[in-house]
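Structure first, commentary second.
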Amino acid sequence: MYSTDLRTEAEKRALRDPALDSVDFLERFQARIDAGDVIEAKDPMPHGYRKTLVRQMSQHAHSEIIGMQPEGNWITRAPTLKRKLILIAKIQDEAGHGLYLYSGAETLGTSRAEMINDLLTGKAKYSTIFNYPAPTWADIGMVGWLVDGAAIVNQIPLCRCSYGPYARAMVRVCKEESFHQRQGYEIVTQLARGTPEQKALAQESLNRVWWPSLMMFGPSDKDSMHSSQNVKWKIKRFSNDELRQRFIDQTVPQAEKIGLTIPDPDLKWNEERGSYDHGEMDWSEFWSVIKDGGQCGRDRMAVRRAAVDNGRWVREAAQAYEKKKAARAVRKSRSAS
Ligand code: 3HC
């Protein structure tokens, strides 16, 4: 019922055409990509291209929606009215991002109901970062500075993604994320330059959030199963490790500027590379959070499940209204003829 997919039955059958996997078609498609063509919703595309886009875009949409939860918990506890207003506006932006992304993914022929079902049954993922709790106000600053900061680094190249609807959605998302990042950095700066207790709160939060924020870029290149094909198809423009390095290089000076210490004893400027060397990530933690989000993950999913259950009557009422309206239109046209 959410679906904005307006394809006819014949068009839907055409999406399953085996010719879309023929060597000849794959070569012609790759030539379009290499020439810098933008692929649009009704263009023929290989099944793999469509499938990986639905996977990535729906995961991205789920992350935006689930990411509202840790921040939502802080609306009533935000320290001032101004902070509360900013937080509410930011959370609304995240909801909007989720909706553009679900709509964008629907253009590929998968309905929103299917995508949400995949999330609820555990088939689809959402970003691991949201399976960590946000117990202090400093965490809300870190979500903006580091989590939204990492999201921008990852998502700016997606504005040039070969799939038009995704690329166009990302332009606005990135502009809004950039505001989110700045307001987060401002919260952290205020704490870092505040009382010793406030500075300690900011440092303690940075110690917890730093490594999980680096994990947002995905597994290392050698373990990334989708990167090489998706770079070839120009869905991704850079590898996971390249983007992670870019984020580290731009974030370390920001931490230094406000007197906070990045919790990585191996972090060191490498003059030759013009980049920071950094310590190894705890990949076992990354894979285990993907596999099992723990109590935090169970809580996040319980909220999503309740939202789907509690909203069912609204969807059913809207459907009943649409049916009634359509029947009325038929009666009217019959009586007019
Ligand atoms: N959390 C959860 N799953 C992750 C992950 C993470 N941090 N990083 C990778 N994975 C998953 C992948 O989805 C894939 O699993 P799948 O086959 O079931 O989908 C598997 O681990 C292997 O990873 P790959 O490197 O092969 O996967 P990708 O090539 O898709 O790269 C990605 C992963 C970099 C996250 C890429 O999908 C991407 O750029 N996605 C778009 C951006 C996005 O989803 N961002 C979510 C961040 S949160 C956000 O934007 C909300 C904002 O408010 C902060």
Side-chain angles (χ1 to χ4, degrees), residues 67 70-71 83 86-87 90 93 127-130 132 134 136-160 170-171 173-221 236-283 285-286:
E71 294 183 298
R83 292 287 182 207
I86 294 172
L87 188 57
K90 177 183 189 295
D93 285 353
S127 184
T128 43
I129 190 73
F130 300 119
Y132 292 85
T136 73
W137 173 247
D139 291 338
I140 296 305
M142 292 300 157
V143 168
W145 175 34
L146 301 181
V147 175
D148 295 317
I152 297 170
V153 171
N154 177 272
Q155 292 166 18
I156 282 180
L158 292 174
C159 299
R160 292 186 294 122
M170 292 319 296
V171 173
V173 170
C174 285
K175 284 189 179 149
E176 291 177 352
E177 292 296 1
S178 160
F179 158 74
H180 298 169
Q181 191 269 352
R182 282 172 210 195
Q183 67 82 40
Y185 189 56
E186 202 242 328
I187 293 176
V188 178
T189 302
Q190 208 178 43
L191 292 172
R193 293 185 175 157
T195 64
E197 288 80 8
Q198 287 173 321
K199 183 170 181 184
L201 195 73
Q203 184 62 55
E204 186 276 331
S205 175
L206 176 58
N207 294 348
R208 278 183 292 108
V209 182
W210 175 250
W211 292 102
S213 69
L214 297 187
M215 292 175 190
M216 288 175 68
F217 293 92
S220 67
D221 292 351
K236 285 168 96 156
R237 296 279 175 161
F238 301 96
S239 76
N240 298 354
D241 287 336
E242 282 169 332
L243 292 173
R244 190 170 7 251
Q245 181 72 58
R246 190 176 290 184
F247 173 71
I248 293 171
D249 289 345
Q250 78 185 36
T251 309
V252 173
Q254 293 169 356
E256 282 170 354
K257 192 161 187 235
I258 55 175
L260 293 182
T261 308
I262 300 285
D264 177 356
D266 297 321
L267 193 74
K268 205 165 80 229
W269 179 250
N270 183 323
E271 197 63 55
E272 209 175 304
R273 288 198 308 116
S275 210
Y276 282 92
D277 290 337
H278 58 87
E280 187 59 22
M281 222 102 54
D282 181 352
W283 291 114
E285 175 178 322
F286 172 74

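Quick caveat, the model's predicted, so the values are computed rather than measured. One-based numbering along the sequence shown.
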Using the side chain to side chain donor-acceptor pair (under 3.5 Å) rule, take Ser220 and Asp241 through it: C-alpha gap first, then chi angles, then the decisive distance, then the call. CA-CA 6 Å; Ser220 67; Asp241 287 336; 4.8 Å; no
Evaluate the criterion side chain to side chain contact (heavy atoms under 4.5 Å, CB included) for residue pair Met216 and Asn154; output intermediate values, then yes/no. CA-CA 9 Å; Met216 288 175 68; Asn154 177 272; over 6 Å; no
For the residue pair His180 and Val147, establish whether any side-chain heavy-atom pair is separated by less than 4.5 Å. no
Supply the atom-to-atom distance Tyr276 OH to Thr251 OG1, rounded to the nearest 0.5 angstrom. 10.5 Å
Find out whether Ile86 and Phe179 are in side-chain contact, i.e. whether some heavy atom of one side chain is under 4.5 Å from a heavy atom of the other. yes
Could you tell me whether the side chain of Tyr185 and the main chain of Gln254 form a donor-acceptor pair under 3.5 Å? yes
Measure the CD-CG distance between Gln155 and Leu243 for me, rounded to the nearest 0.5 Å. 10.5 Å
Any side-chain donor paired with an acceptor under 3.5 Å for Glu204 and Thr136? no
Interatomic distance, CE@Met215 vs CZ@Arg244, rounded to 0.5 Å, equals 9.0 Å
Is any side-chain heavy atom of Val252 less than 4.5 Å from a side-chain heavy atom of Trp269? no
For the residue pair His278 and Gln245, establish whether any side-chain heavy-atom pair is separated by less than 4.5 Å. yes
Electrostatic pair Arg246-Glu242, nearest N-O below 4.0 angstrom: no
Nearest heavy atoms of Ala202 and Ala138, plus distance in Å: CA-CB, 4.0 Å
Side chain to side chain donor-acceptor pair (under 3.5 Å) pairs, two or more places apart, involving residues 256-268: none
What is the distance from atom CH2 of Trp283 to atom CD of Glu285, rounded to the nearest 0.5 Å? 10.5 Å
Among side-chain atoms of Asp249 and Ser275, is any donor-acceptor pair under 3.5 angstrom? yes
Within the 4.5 Å heavy-atom criterion, are Thr189 and Glu186 side-chain neighbours or not? no
Look only at the side chain of Trp137 and the backbone of Ile187, and say whether a donor-acceptor pair between them is shorter than 3.5 Å. no
Is Pro212 close to Thr128 at the side-chain level, that is, under 4.5 Å between some pair of heavy atoms? no
Going from CG on Leu260 to NZ on Lys199, what distance comes out if it is rounded to the nearest 0.5 angstrom? 6.5 Å
Roughly how far, to the nearest 0.5 Å, is the CD atom of Gln250 from the CD1 atom of Ile248? 11.0 Å
Verdict with reasoning, Asp139 to Tyr132, per side chain to side chain contact (heavy atoms under 4.5 Å, CB included): CA-CA 10 Å; Asp139 291 338; Tyr132 292 85; over 6 Å; no
Could you check whether any side-chain heavy atom of Trp210 comes within less than 4.5 Å of a side-chain heavy atom of Ile262, counting everything from C-beta outward? yes
Keeping Asp148 on the side-chain end and Glu177 on the backbone end, is there a donor-acceptor pair under 3.5 Å? no
Hey, does Leu206 have a side-chain heavy atom less than 4.5 Å from the side chain of Trp145? yes
